[in-house]
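Scroll down for the structure; my scribbles are underneath it.
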Amino acid sequence: MATNAIDQTRRMLSLVTYLRERPGAHVQDVARAFGITEDELISDLDVLPMCGTSFRGGDLLDIDTDGDRIWWHNADDVAEPLRLAADEATALLVAARAVATLPGLRESDRDALVRATAKLETAAGESGAASSRLSVTFEAEGGVFADVDRAISERRRLWLRYYSPARDELTEREVDPIRLFAVGHTYMEGWCRLSEARRTFRLDRVAEIRLLDAPAAPPELELRDLSAGLVQPAAEDPEVVIEVGTGGRWVAEYYPHDSAEELPDGGLRITLRTPDPASLRRLALRLGGDGRIVAPPELADSAREAARDALAAYEDAV
């Protein structure tokens, strides 16, 4: 079964704990315990010595193997309580203060963040003093966020000019906002009066926004469970097959998929489902020579045509 980087990272974190408790463990026994081959385990062990409790080095994991047994030479040193360096404390304090200023943050969350920041300042002492001279502001989505947050609190309808990447067009619509949430990007979930259905809008794709005097009155809806991610394909959604080279393996980590088979050239053959296969044309254009849509045939033809059109437009521009 294909393993992505996230699965490998989780396994290696567990492997660290496992090896610390079993000095001199046999390679065969460890591989069996984790359900992987001995070659996969050795590959993990080649990476672990480049990991540690700091990016500065000097406290990396000293783990090696003679092919039969595995030895961790500095397990006790790495287990010592961590200490924040000056730059780490500064980064945390600057980020915490910036997040505390975001509009729409629940007061209970803001208060908790302020208390945590104060404790961190005390713990950092002089090493965190530089953070008071630095500041970060969020501008890209801040205005849209504030308007959506206000519309939700005042139960007012919104008017949007919104960019749809699937159709590559701007649409105007009125939306009764339901909630704000973040999954990688910041989104608004709302009842769209144009489509008369629940829709999700990414804030950085809102070209223009206005609060309306009309009251927001979305129907009673059960909130979606986002614990498994924003995109959750259904079994009845159309199946799409994409082949990517080594430079496109990231697709398997960012797109929910049914399978990812290794290809001889180091690439992957990825099978996934989506309610809107046409939206994957943009993925094909982004991949360029690192990937192609294999099936369904009509989508593959459409992606090739989009690539030819994009190339022609570029040649005309230059």
Side-chain angles (χ1 to χ4, degrees), residues 1-7 160 162-171 173 175 178 181-185 187-206 219 221-313:
M1 183 178 70
T3 301
N4 61 32
I6 295 175
D7 292 332
L160 307 177
Y162 185 76
Y163 174 69
S164 172
R167 295 187 294 273
D168 193 24
E169 65 179 9
L170 282 167
T171 59
R173 58 187 76 204
V175 179
I178 297 173
F181 63 89
V183 180
H185 295 275
Y187 296 85
M188 171 185 67
E189 187 174 14
W191 184 260
C192 177
R193 295 291 171 176
L194 178 65
S195 56
E196 287 299 316
R198 173 167 39 191
R199 291 290 183 266
T200 300
F201 303 93
R202 214 170 94 176
L203 296 197
D204 62 354
R205 292 177 180 163
V206 176
L221 298 171
E222 183 176 350
L223 296 180
R224 296 170 56 197
D225 179 9
L226 301 173
S227 59
L230 179 61
V231 180
Q232 301 172 31
E236 62 271 16
D237 287 341
E239 185 178 88
V240 178
V241 179
I242 302 173
E243 289 186 353
V244 301
T246 54
R249 293 179 67 94
W250 58 267
V251 173
E253 299 179 25
Y254 284 88
Y255 285 79
H257 55 276
D258 294 337
S259 64
E261 304 171 14
E262 294 285 346
L263 296 176
D265 62 355
L268 293 173
R269 182 182 178 91
I270 303 169
T271 302
L272 54 84
R273 296 181 182 276
T274 173
D276 183 17
S279 65
L280 294 179
R281 283 198 302 264
R282 294 179 65 85
L283 172 61
L285 291 174
R286 180 180 177 186
L287 286 168
D290 282 324
R292 65 189 182 97
I293 295 176
V294 177
E298 59 271 18
L299 180 58
D301 292 341
S302 175
R304 283 192 291 269
E305 182 178 354
R308 286 193 294 267
D309 290 345
L311 181 60

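- Residues meeting the side chain to side chain donor-acceptor pair (under 3.5 Å) test with R193, sequence neighbours left out: D176.
- Residues meeting the salt bridge (Lys or Arg N to Asp or Glu O under 4.0 Å) test with R199, sequence neighbours left out: none.
- Y162 places no side-chain N or O within donor-acceptor distance of the main-chain N or O of L203, the cut-off being under 3.5 Å.
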For the pair I270 and V244, evaluate side-chain contact (heavy atoms from CB on, under 4.5 Å) and give the outcome as yes or no after the intermediate values. CA-CA 8 Å; I270 303 169; V244 301; 4.1 Å; yes
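- For the pair V175/M188, a side-chain contact is recorded, criterion being any heavy-atom separation below 4.5 Å from C-beta on.
- For T246, the side-chain contact (heavy atoms from CB on, under 4.5 Å) criterion is met by no residue, not counting sequence neighbours.
- Considering only residues two or more places apart in sequence or on other chains, E305 meets the salt bridge (Lys or Arg N to Asp or Glu O under 4.0 Å) condition with none of them.
- Between L268 and E262 the shortest side-chain heavy-atom distance falls below 4.5 Å.
- At least one side-chain heavy atom of D258 sits less than 4.5 Å from a side-chain heavy atom of R273.
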Please set out all donor-acceptor pairs under 3.5 angstrom arising from side-chain atoms of residues 283-300, sequence neighbours excluded.
from, atom 1, to, atom 2, distance (Å)
R292, NH2, E243, OE1, 3.1

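- When the side-chain contact (heavy atoms from CB on, under 4.5 Å) test is applied to P219, the partners found at least two apart in sequence or on another chain are W191, L221.
- The shortest distance between side-chain heavy atoms of R173 and F201 falls below 4.5 Å.
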